[in-house]
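These figures come from a predicted structure and were not determined experimentally. Both counts, for ligands and for their atoms, begin at 1 and track the order of listing. Numbers for residues simply follow the sequence, beginning at 1.
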Amino acid sequence: MTKRGRFITLEGGEGAGKSTLLAGLRDYLLRQGIELLQVREPGGTPLGEAIRSIVLDPAHPHICAESELLLMFAARAQLVRERILPALESGHWVLCDRYVDASYAYQGAGRGQPQERIAQLEAWACAGLKPDLTLLLDLPVATGRKRAAGRGAADRIETEADAFFERVRQAYRDLADAEPQRWRVIDASLPAEDVLGAATAALAHVLKVHA
Ligand code: Z5A
């Protein structure tokens, strides 16, 4: 019988280095002989990418917090069923750039949506899927924003004030503190090779348990 794959998620604030780290992690896992699927949120399916292009477009400044939350979960419900669960069942590992924790951090702490409401949506939309490991790239807000600024026009959420991103950062740290067995917090201000080293060390543990 095929062994179910592992579900690894990456979280962090703007410019924390998730995309940079994902490329290194992907190479690392492929070298271990792991077959994998890499996806991002919101996105990863035709529906999800269409939602992404709406929800992150600064041309839609009037999207209310409730709609934003529901759109994130609509994209997620589709991604979980269309791609993530089938991949895990076929033995692939899944590397996901953000998952439900992002909704607790951004729509919960950032926008003030009630945590209980997000938990209800999670229970309904995510088919019980929880990450085996979540890597949090933790970085001071100012550093992340400086890094991201070099990258071109800001998306709709990136136009928020620093205070919004401070709440997001704190929420991520609180989530990690509350569930230390699932989370590894990585100092994302370190050079990229050290960030990758810390992430592969965390993955090595999951690989050992998986073997
Ligand atoms: N969102 C939400 O609100 N609710 C949800 O439920 C979900 C998402 C799922 C899209 O996310 C937005 O959706 C996001 C949250 C919201 N909005 N915001 N803000 P995204 O993940 O696609 O976009 P992002 O958070 O804006 O990620 P990013 O800015 O693309 O950053 P990144 O991928 O973490 O960083 P990077 O591109 O790898 O690196 C940024 C720059 O820093 C780049 O020039 C690198 O070369 C450099 N870099 C990377 N690592 C290092 C190190 N270690 N040292 C120095 N420089 C580095």
Query - Distance flag, aromatic centroids of Tyr99 and Phe7, threshold under 6.0 Å - result: yes

Query raised in the report: Are any of the N/O atoms in Gly15 less than 3.5 Å from those in ligand 1?
Result: yes

**Report entry** Ligand-side contact atoms (ligand 1) for residue partner Glu41, heavy atom cut-off under 4.0 Å
**Finding:** 9 (C)

Query raised in the report: So, does Arg173 use its side chain to make a donor-acceptor pair with the main chain of Val168 at under 3.5 Å?
Result: no

Requested in this report: Tell me which protein heavy atom sits closest to atom 7 (C) of ligand 1, plus the residue, atom name and distance to 0.1 Å.
Outcome: Ala102 CB, 3.6 Å

Query - Heteroatom distance test (Leu56, ligand 1): nitrogen or oxygen, under 3.5 angstrom - result: no

Query raised in the report: For the atom pair CG (Leu21) and CG (Leu95), what is the distance rounded to the nearest 0.5 Å?
Result: 9.0 Å

**Report entry** Sub-3.5 Å N/O-N/O distance, Gln107 and ligand 1
**Finding:** yes

**Report entry** Which of the ligand 1 atoms, numbered from 1, are nearer than 4.0 Å to a heavy atom of Lys18
**Finding:** 20 (P), 21 (O), 25 (O), 27 (O), 32 (P), 33 (O), 34 (O), 35 (O), 38 (O)

Query raised in the report: Under a 4.0 Å N-O cut-off, is there an ion pair linking Asp132 with Arg6?
Result: yes

Requested in this report: Could you tell me whether Leu190 approaches ligand 1 through its side chain, its backbone, both or neither, with non-hydrogen atoms closer than 4.0 Å?
Outcome: backbone

Requested in this report: State whether Glu160 and Arg111 are salt-bridged, where the test is any N-O pair (Lys NZ or Arg NE/NH1/NH2 against Asp/Glu carboxylate O) under 4.0 Å.
Outcome: yes

Query raised in the report: N/O to N/O below 3.5 Å, does that happen between Ser103 and ligand 1?
Result: yes

Query raised in the report: Is there a donor-acceptor contact under 3.5 Å linking the side chains of Glu68 and Tyr106?
Result: no

**Report entry** For atom 43 (C) of ligand 1, closest protein heavy-atom neighbour
**Finding:** Thr20 OG1, 4.7 Å

Report task. State the CD-CD distance between Gln115 and Gln107, to the nearest 0.5 angstrom. Result -> 11.0 Å

Query - atom 35 (O) of ligand 1: nearest protein contact (heavy atom, Å) - result: Gly17 N, 3.1 Å

Query raised in the report: Backbone, side chain, both or neither: what part of Pro191 comes under 4.0 angstrom of ligand 1, heavy atoms only?
Result: backbone

Query raised in the report: What atoms of ligand 1 come closer than 4.0 angstrom to any heavy atom of Ile157?
Result: 3 (O), 16 (C), 17 (N), 18 (N), 19 (N)

Query raised in the report: Atoms of ligand 1 less than 4.0 Å from Phe165 heavy atoms?
Result: 19 (N)

Query raised in the report: Relative to ligand 1, is Arg40 under 4.0 angstrom through side chain, backbone, both or neither, heavy atoms considered?
Result: neither

Query raised in the report: Atom OG1 of Thr134 and atom CD of Gln181: how far apart are they, to the nearest 0.5 Å?
Result: 10.5 Å

Report summary line: Taken to the nearest 0.5 Å, the spacing of Leu136 CG from Leu139 CG works out to 10.0 Å

Query raised in the report: What protein heavy atom sits nearest atom 33 (O) of ligand 1, and how far away is it?
Result: Ser19 OG, 2.5 Å

Report task. Please assess Arg156 against Asp57 for the test salt bridge (Lys or Arg N to Asp or Glu O under 4.0 Å), listing each intermediate value before the final yes or no. Result -> CA-CA 5 Å; Arg156 190 180 59 82; Asp57 186 348; over 6 Å; no

Query raised in the report: Between atom NE2 of His92 and atom CD1 of Ile84, what is the distance when rounded to the nearest 0.5 Å?
Result: 13.5 Å

Report task. Between Arg52 and ligand 1, find which residue part has any heavy-atom pair under 4.0 Å and reply side chain, backbone, both or neither. Result -> side chain

Query raised in the report: Can we say Glu49 and Arg40 salt-bridge, meaning some charged N sits less than 4.0 Å from an Asp/Glu carboxylate O?
Result: yes

**Report entry** Residue and atom name of the nearest protein heavy atom (relative to atom 29 (O) of ligand 1), distance in Å to one decimal
**Finding:** Arg151 NH1, 2.4 Å

Report task. Verify the distance criterion only: is there a donor paired with an acceptor across the side chains of Arg76 and Ser103 at less than 3.5 Å? Result -> yes

**Report entry** Glu68 N/O under 3.5 Å from ligand 1 N/O
**Finding:** no

Query raised in the report: Given Glu11, Arg98, Glu158, which one has a non-hydrogen atom that is nearest to atom 14 (C) of ligand 1?
Result: Arg98

Query raised in the report: For ligand 1, which atoms, with element, lie under 4.0 Å from some heavy atom of Met72?
Result: 1 (N), 2 (C), 3 (O), 4 (N), 5 (C), 6 (O), 7 (C)

Query raised in the report: Hey, is atom 49 (C) of ligand 1 touched by any protein heavy atom at less than 4.0 Å?
Result: yes

Query raised in the report: Should Arg182 and Asp101 count as an ion pair when the cut-off is N to O under 4.0 Å?
Result: yes

Report task. Could you say whether the N/O atoms of Arg147 and ligand 1 ever approach to under 3.5 Å? Result -> yes

Requested in this report: Could you see which bit of Asp97 sits under 4.0 Å from ligand 1, with heavy atoms only: side chain, backbone, both or neither?
Outcome: side chain

